[in-house]
Number of protein chains: 2
Amino acid sequence: MNIGEASKASGVSSKMIRYYESIGLISEPLRTESGYRIYSDKDVHALRFVSRARDLGFSVDQMGDLLALWRDRSRASADVKAIALRHIEALEQKAQALQAMSHTLKHLADNCSGDGRPDCPIIEEFAEGAAMSQNNGRRPRFGVTGTDAVAAGQA
Amino acid sequence: MNIGEASKASGVSSKMIRYYESIGLISEPLRTESGYRIYSDKDVHALRFVSRARDLGFSVDQMGDLLALWRDRSRASADVKAIALRHIEALEQKAQALQAMSHTLKHLADNCSGDGRPDCPIIEEFAEGAAMSQNNGRRPRFGVTGTDAVAAGQA
DNA sequence: GCTTGACCTTCCAACGATGGGAAGGACTAT
DNA sequence: ATAGTCCTTCCCATCGTTGGAAGGTCAAGC
């Protein structure tokens, strides 16, 4: 199976397969004499594993850990569960942060007439506002890293 | 006021102030003879505006639009509201995507004994699982872009 | 005046995950 | 043989942000 077929079979783009290989997440496959990568069913299985973990928002690092546990037949399920629970925690935290923003903004929007007049509590809040609700003063300085598997759609 | 003072007064790091200037989000400030940037209270006001919009997850592009509306004293509040509503929509969508992942994972984790035995539905789902709940088949291929103002904490 | 330290300047690189594209070789079907 | 589709490697862009290097400037203390 060449990379294109493996891609279709796994749902991971050829680009990403090469990338995952380059960073050592997956092992280097065999090659034909002319240099084409050849994938076994086993390889595709691993790729599907990665694909599904990715869809649940796991980072490449976490996927590495999960793959190692997958291959370790003497693993303790507690180790897998620990990774999952930590990730759930992070997901919830991010979701809550997003919703806190959404709610703050919704309150402002609710008080905005949304007509032709210039007066707008949204703009006013940005211009004069005190600290934004959440996070009581400590400026969060965000920047989603790692589990950024969101924004479905026109990616 | 030099950039360090403006940074403290606005909550935007010096690095980001220079960056926002470089991409044209904020205007170039005056300079001392030796080249130091000097900021007026007005400039700091704009920086604070940016800071607060950023905390609500607006992208740089959106902030540009908001700044333009802010400066436009004949703006229609409807225009501001429209940006806000679109953003609320996006925030909600992302939050829901994160929570869908969280829930899926939680179900799996709930069925994982989390002890010393290797059997683990989480790993099994990744290895054999069918399509992941959400998004009925269409693989989302995530990657938060734009409104990535999440992941509070150790940034 | 001179040194020290804290600031400022510009430029370049990195992160994470992904896509785009160029230049060139390999394969397949007609 | 030739066209078309695939593969290869390489570099670049994204988005927002931080880090660092190399060098200039300023204010305070001696």
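Side chains are part of it too, since the values below use all heavy atoms of this structure and drop only hydrogens, waters and symmetry mates. Labels below follow one simple rule: chain letters A, B, ... track the order of the sequence lines, proteins then strands, and each chain is numbered from 1.
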For B:Thr32, which residues count as a side chain to side chain donor-acceptor pair (under 3.5 Å) partner, sequence neighbours excluded? B:Ser34
Using a cut-off of 4.0 Å between protein heavy atoms and nucleotide atoms, how would you tag nucleotides 10-15 of chain C 5' to 3' with B, S and -? B-----
What is the distance, rounded to the nearest whole Å, between atom CD1 of B:Ile17 and atom C1' of D:dT18? 14 Å
In whole angstrom, give the distance that lies between atom CD1 of B:Ile23 and atom C1' of D:dG16. 9 Å
Looking at residues at least two apart in the chain, or sitting in another chain, which of them share a ring pair (Phe, Tyr, Trp, His ring centres under 6.0 Å) with A:His45? A:Trp70
Between the protein and nucleotides 27-30 of chain C, are there any N/O to N/O pairs under 3.5 Å, and if so, what are the atom names and distances?
unit_1, atom_1, unit_2, atom_2, d
C:dC27, OP1, A:Ser34, OG, 2.9

Expressed in angstrom and rounded to an integer, what is the separation of A:Glu5 atom CD from D:dC7 atom P? 7 Å
Contacts of B:Ser40 meeting side chain to side chain donor-acceptor pair (under 3.5 Å) (sequence neighbours excluded), chain-then-number -> B:Asp43
Under 4.0 Å between a side-chain N or O of B:Ser59 and OP1 or OP2 of D:dC15? no
Among residues at least two apart in sequence or on other chains, which ones pass salt bridge (Lys or Arg N to Asp or Glu O under 4.0 Å) with B:Arg86? none
Assert: residue with more 5' nearest nucleotide on DNA chain D, out of B:Glu33 and B:Met63, is B:Met63
Answer yes or no: is there a donor N or O on one side and an acceptor on the other, between the side chain of A:Ser51 and the main chain of A:Leu47, under 3.5 Å? no
Find the distance A:Tyr19:OH to C:dG16:P and express it as a whole number of Å. 7 Å
Rounded to whole Å, the CE-P distance (B:Met16 to D:dG19) equals 12 Å
Step through the shown structure and confirm whether more than 12 heavy atoms of other residues, nucleotides or ligands are within 6.0 Å of CD on B:Glu5. yes
Atom-pair distance (CG on B:Asp55; P on D:dG16), nearest Å: 14 Å
Output one line per pair: protein atom, nucleotide atom from nucleotides 3-5 of chain C, and distance, for all N/O pairs under 3.5 Å.
none

B:Arg37: salt bridge (Lys or Arg N to Asp or Glu O under 4.0 Å) partners, not counting sequence neighbours: B:Glu21
To the nearest angstrom, the CG-C1' distance between B:Asn2 and C:dC8 comes to 8 Å
For A:Tyr36, what are the other residues in its hydrophobic cluster, where any two members join if their side-chain heavy atoms are less than 4.5 angstrom apart? none
Other hydrophobic cluster members with B:Ile38, side-chain heavy atoms of Ile/Leu/Val/Met/Phe/Trp/Tyr under 4.5 Å, chained? B:Leu30
Hey, does the side chain of B:Tyr20 come within less than 4.0 Å of D:dG16's phosphate (OP1/OP2), counting only N and O? no
What integer distance in Å separates A:Ile3:CD1 from D:dT9:P? 8 Å
Checking A:Asp79 now: which residues fulfil side chain to side chain donor-acceptor pair (under 3.5 Å) with it, not counting sequence neighbours? none
If the condition is salt bridge (Lys or Arg N to Asp or Glu O under 4.0 Å), which residues does B:Asp61 pass it with, not counting sequence neighbours? none
